[in-house]
Student: 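The structure is given below, and queries will be raised subsequently.
Just so it is clear, the structure is predicted and the values come from calculations on it, not from any experiment. Here, residue 1 is the first one in the sequence, and each next residue gets the next number.
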Amino acid sequence: MRITTNQILRNYKSNLGTSLSNLDIARTRVMTGRKFNSTAEDPANALRASVLERKYVRNQDYLNLVKDVQSFQDSQEDAAMQINNIAKHLSKQYGIEALNGTNGSLSTRQTYADAWRGSQESLLLSLNASYEGKYVFAGSDGQSVPFKLTKDANGEQVLLYRNVDVNTGNLYGEDGKIDPDPNVNTPAKSAERLKNLSEDSLYVDLGFGLNINDDFTIDSSSAFNTSLPGIKMVGFGKFDANEDGIEDPKNMILLMGKIADELEKEDFDYDRYEELLGKFDEGREGVLEVVTTLGTQTEFLTTTRDRLETNEISLATQIDNVVNIDMAEAIMNFSWAQYAYNASLKVGNQILTPSFIDFMR
C-alpha cells in the first residue's frame, strides 16, 4: 500500500491535536481538583454527583434546623425548670411555714401572702419567656404574649392564655373584655377551646419523611412537635366542687392568688389553706411531667443531630469519591501527558524523511 506524504502529515496533525487535548484535560484536572468539569465529560458520574449534592444540601438544612430546635427547646427547658424551682420553693418553704401555728398572726401571714404574690408575677414572667422573639410557651402562636393576668368586674383574678380564660374557656376580645356573643362562649365550645389550646402543635420536618394523612393533618410520627402550650404545664379548667361547693381553678397562677387571698383573711381557715396548698402541689406534678418530657425530647434531638452529622460525613465522602481527583494520580497523569506532547513535537522534526525524488537528478 502506498503511503503519501499528505497522509503522514494528516495523521501527525490529528495525533498531535489529541496529545494536546489530553495535556489540556490533565492540566485542567490538576488545577480544578475535579474529575470532570462538564456533564458531557462524564454523564453518569455527573448525574450521581448531582443527586449526592442535593442530598448533602438537604441534610445540612435538616442539621441546621435540628440545632435551632435544640436551642429553642433548651429555652423551654430552662423556663420550665425555673417554674418548677419557684413552685417547689413556695410549696416546701412558704407553704409549710405558713401552716406552722407559731406563724399565725395576720402580719406574719401578710408577709407570706406578699411572697406568694411576688412569686406569682415571677412565674408569669417565666411563662412569657421568649427565644429570638418567639414565646416558648405560646404553642403555635409564638408572636403574641401568651399569658395575661387581669381582673374581672368582681375583682377576681382572670388569667388569659391567647385571649382565652384558662379557668372557664371563655374567649376575650383584644380589648380585654369577654366576647359578648352568647354563641361564642357556650360551655361546650369553651371546653373544646381549652382542650384544643392544650393540644396545640407545631411540627417541623427533621428528615423522617414528612407524611400527610388523608384528612390533611400531619402524621405525628413523621415530624417533631416543637409546640409546648403553657396551659398544659400550669393547668387549666376547674377542680370538682368541694364540700362547700367551691370550684377551685386547676391553674397554678390562679391558685397562688387564692392562697395569697386566704393568708390575708382575718379569720384564717387552716383547712382551706391546706386544701389549696394540696391542689397547688398537684399542679406542680404537671410541671415535673413536662420537664421530664422535655428531657426525653432533648435526648431524641441529640440522637437525631448525631445521625445527621454522620450522614453529612458519609455524603461528603461519596461526593469526594465521585467528583474530586486523587491529586497524586492527577499530577502523574499530567506529567505523562506533557511528556507525550513533547515527544510528539520531537517526532514532528523527523516526519519528512528523504524520498526517491530527493535522489533524482
Student: Looking at Phe236, is Lys250 sitting on its ring face, NZ or CZ under 6.0 Å from the six-membered ring centre and within 45 degrees of the normal?
Tutor: no
Student: Ring centroids only, cut at 6.0 angstrom: are Phe72 and Tyr135 within range, meaning strictly under it?
Tutor: no
Student: Just by modelled atom types, is the Asn15 backbone N or O under 3.5 Å from a matching donor or acceptor in the Ser19 side chain?
Tutor: no
Student: For Arg29 and Arg34, indicate whether the former's side chain and the latter's backbone hold a donor-acceptor pair under 3.5 Å.
Tutor: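 Checked: no pair found.
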Student: Between Leu276 and Val166, is there shared hydrophobic-cluster membership here, with clusters defined by ILVMFWY side-chain heavy atoms closer than 4.5 Å?
Tutor: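 In one cluster with Leu276: Val166, yes.
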Student: Would you say Gln76's side chain and Val136's backbone share a donor-acceptor pair under 3.5 angstrom?
Tutor: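 Such a contact is found between Gln76 side chain and Val136 backbone.
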Student: Are the side chain of Asn85 and the backbone N or O of Met81 linked by a donor-acceptor pair below 3.5 Å?
Tutor: yes
Student: Could you tell me whether a side-chain N or O of Asn213 sits under 3.5 Å from a main-chain N or O of Asp215, the two making a donor and an acceptor?
Tutor: no
Student: Are any side-chain N or O atoms of Lys279 and backbone N or O atoms of Leu255, one a donor and one an acceptor, separated by less than 3.5 Å?
Tutor: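 No, the answer is negative, given that no donor and acceptor are paired below the 3.5 Å cut-off.
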Student: With a cut-off of under 6.0 Å to the ring centre and 45° to the axis, is Arg54 in cation-pi contact with Tyr56?
Tutor: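 Output no; distance or angle outside limits.
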Student: Main chain of Ile246, side chain of Asp244: is a donor-acceptor contact present, judged purely on distance under 3.5 Å?
Tutor: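 Pair absent, no side-chain N/O of Asp244 close to backbone of Ile246.
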Student: Test your reading of the model: is there a side-chain donor-acceptor pair from Ser198 to the backbone of Lys195, 3.5 Å cut-off?
Tutor: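 Looks like yes, one N/O pair under 3.5 Å.
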Student: Using modelled atom types and a 3.5 Å cut-off, is there a donor and acceptor pairing between side-chain atoms of Ser21 and backbone atoms of Gly17?
Tutor: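 No, because the side chain of Ser21 does not come within donor-acceptor range (under 3.5 Å) of the backbone of Gly17.
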Student: How long is the gap from OG on Ser126 to CD on Glu121, to the nearest 0.5 Å?
Tutor: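 Nearest 0.5 Å value for the OG-CD distance: 12.0 Å.
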Student: Parallel, tilted or perpendicular, judged at 30° and 60°: which one describes the rings of Phe147 and Tyr161?
Tutor: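 Tilted, since the angle between the ring planes falls between 30° and 60°.
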Student: Quick one: do Arg193 and Asn170 satisfy side-chain hydrogen bond (donor to acceptor under 3.5 Å, both in side chains)? Show the steps, please.
Tutor: CA-CA 8 Å; Arg193 188 177 293 124; Asn170 291 332; 5.3 Å; no
Student: Using a 4.5 Å cut-off on heavy atoms from C-beta on, say whether the side chain of Leu159 contacts that of Lys148.
Tutor: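 Lys148 does not reach Leu159 side chain to side chain.
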Student: Run the salt-bridge test on Lys35 and Glu329 with the 4.0 Å N-O cut-off and return the result as yes or no.
Tutor: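 No.
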Student: Give me the ring orientation class for Tyr273 and Phe268: parallel if the planes are under 30° apart, tilted from 30 to 60°, perpendicular past 60°.
Tutor: tilted
Student: Kindly say whether the aromatic ring centers of Tyr341 and Trp336 come within a distance under 6.0 Å.
Tutor: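 No, they do not, as the ring centres are separated by 6.0 Å or more.
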Student: Does any N or O in the side chain of Gln120 come within less than 3.5 Å of the main-chain N or O of Ile253, such that one atom is a donor and the other an acceptor?
Tutor: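 Indeed, once roles are kept as given, a pair shorter than 3.5 Å links the two residues.
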